[in-house]
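Since the structure comes first, as structure tokens, the remarks are kept for the end.
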Amino acid sequence: QVLLVESGGGLVQAGGSLRLSCAGSGRTFSTYAMGWFRQAPGKEREFVACVSWSGGSTYYADSVKGRFTISRDNAKNTVYLQMNSLRPEDTAVYYCAAKASLFGSSRVYVQGNEYDYWGQGTQVTVSS
């Protein structure tokens with residue numbers, strides 16, 4: 001069982017930055033691949049970024065590539081999403097998710113239904 005708690009959301013002007021954090025519980029946090037997803041009002045949940053269990057592999061949605069960076073600190077059981085050059089269309093509730101992964105795997109996951117655990121979400125609002 002993994003409990004995920006997101007933080008760091010808020011209101012920011014277009015062009016600004018935010019860093020989201022996702023703190024995970026459990027001794028086995030480092031064996032989980034992690035992902036960030038978002039859902040805007042009236043829209044379906046969409047993939048944002050993901051990272052392998054070791055942090056060695058990452059993958060981004062085209063809409064955030066070059067602006068967002070996912071990273072993890074397994075010693076702190078935390079995964080981060082650094083968001084720069086924010087745009088109004090980035091406004092959404094952001095969720096982190098965990099996927100049990102094989103030891104040593106560099107695999108990343110982009111489909112939401114592949115993930116085993118989800119956080120409660122944190123609101124990000126970008127004003128124009």
Side-chain angles (χ1 to χ4, degrees):
Q1 182 79 17
V2 174
L3 179 64
L4 303 172
V5 179
E6 301 96 335
S7 61
L11 174 64
V12 64
Q13 288 188 332
S17 298
L18 283 175
R19 188 176 81 156
L20 305 184
S21 299
C22 173
S25 65
R27 295 178 298 171
T28 59
F29 178 82
S30 62
T31 63
Y32 284 81
M34 301 296 295
W36 285 97
F37 292 78
R38 67 187 181 185
Q39 187 167 21
K43 295 187 177 182
E44 294 187 352
R45 181 182 63 197
E46 65 173 354
F47 165 77
V48 175
C50 57
V51 61
S52 62
W53 74 277
S54 67
S57 297
T58 58
Y59 189 78
Y60 298 90
D62 287 343
S63 60
V64 307
K65 199 172 297 181
R67 300 188 298 122
F68 291 11
T69 303
I70 189 171
S71 61
R72 66 188 299 163
D73 185 341
N74 287 338
K76 296 182 178 179
N77 281 8
T78 301
V79 63
Y80 305 98
L81 186 68
Q82 178 66 45
M83 306 186 295
N84 298 329
S85 301
L86 283 162
R87 304 167 181 169
E89 54 263 40
D90 295 318
T91 294
V93 177
Y94 284 70
Y95 300 90
C96 70
K99 161 67 178 175
S101 185
L102 295 176
F103 182 84
S105 173
S106 62
R107 186 176 173 182
V108 291
Y109 302 86
V110 300
Q111 299 296 327
N113 58 14
E114 297 182 287
Y115 284 82
D116 303 306
Y117 302 101
W118 291 82
Q120 84 290 347
T122 186
Q123 175 71 47
V124 172
T125 303
V126 184
S127 63
S128 57

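What you see below is based on every heavy atom in this structure, not just the backbone, and it leaves out hydrogens, waters and symmetry mates. Predicted, not measured: the structure shown is a model, and the values here were computed from it.
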Query raised in the report: If Ile, Leu, Val, Met, Phe, Trp and Tyr residues are connected whenever their side-chain heavy atoms lie under 4.5 Å apart, and connections chain through other members, are V51 and F47 in the same group?
Result: no
Query - Worked check of side chain to side chain contact (heavy atoms under 4.5 Å, CB included) between Y59 and C50 - result: CA-CA 5 Å; Y59 189 78; C50 57; 3.7 Å; yes
**Report entry** Heavy-atom closest pair, residues A98 and Y32
**Finding:** CB-CD2, 3.8 Å
Determine all donor-acceptor pairs shorter than 3.5 Å in which one atom belongs to a side chain in residues 99-106; sequence neighbours excluded.
{"from": "S105", "atom 1": "OG", "to": "R107", "atom 2": "N", "distance (Å)": "3.1"}

**Report entry** Minimum heavy-atom distance T122-G9, with the two atoms named
**Finding:** OG1-N, 3.2 Å
Query raised in the report: Is the shortest heavy-atom distance from the side chain of M83 to the side chain of V12 under 4.5 Å?
Result: no
Query raised in the report: Is it true that a side-chain atom of R72 and a backbone atom of S52 form a donor plus acceptor pair closer than 3.5 Å?
Result: yes
Report task. Decide side chain to side chain contact (heavy atoms under 4.5 Å, CB included) for V79 and I70; before the verdict, give the C-alpha distance in whole Å, the side-chain angles of both, and the deciding distance to 0.1 Å. Result -> CA-CA 7 Å; V79 63; I70 189 171; 4.0 Å; yes
Report task. Please check if the side chain of T125 supplies one atom and the backbone of T91 the other of a donor-acceptor pair under 3.5 Å. Result -> no
Requested in this report: Would you check if the side chain of E6 reaches a backbone N or O of L20 as a donor-acceptor pair within less than 3.5 Å?
Outcome: no
Query raised in the report: Do any N or O atoms from the side chain of T69 and from the backbone of Q82 form a donor-acceptor pair under 3.5 angstrom?
Result: no
Report task. Report the relative orientation of the aromatic rings in F37 and Y115; use parallel for angles under 30°, tilted for 30 to 60°, perpendicular for over 60°. Result -> perpendicular
Report task. Decide yes or no for Q111 and Y109: does some side-chain heavy atom of the first lie under 4.5 Å from some side-chain heavy atom of the second? Result -> no
Query raised in the report: Is the shortest heavy-atom distance from the side chain of D73 to the side chain of Y80 under 4.5 Å?
Result: yes
Query - Criterion side chain to side chain contact (heavy atoms under 4.5 Å, CB included) against R38, the qualifying member of V93, D90, V124 - result: D90
Requested in this report: Compare every heavy atom of S128 with every heavy atom of P88, then report the nearest pair and how far apart it is.
Outcome: CG-CB, 3.8 Å
**Report entry** Greater than 12 external heavy atoms within 6.0 Å of Y117's OH
**Finding:** yes
**Report entry** Spacing of OH belonging to Y60 relative to CG belonging to L81, to within rounding of 0.5 Å
**Finding:** 7.5 Å
Report task. Taking the side chain as every heavy atom from C-beta outward, state whether F68 and L86 have any pair of such atoms under 4.5 Å apart. Result -> yes
Query raised in the report: Should M34 and Y95 be counted in the same cluster of Ile, Leu, Val, Met, Phe, Trp and Tyr side chains packed under 4.5 Å apart?
Result: no
**Report entry** L4 side, atom CG; D116 side, atom CG - distance, nearest 0.5 Å
**Finding:** 10.5 Å
Report task. Take D62 and K65 through the salt bridge (Lys or Arg N to Asp or Glu O under 4.0 Å) test and state the conclusion after the steps. Result -> CA-CA 5 Å; D62 287 343; K65 199 172 297 181; 3.1 Å; yes
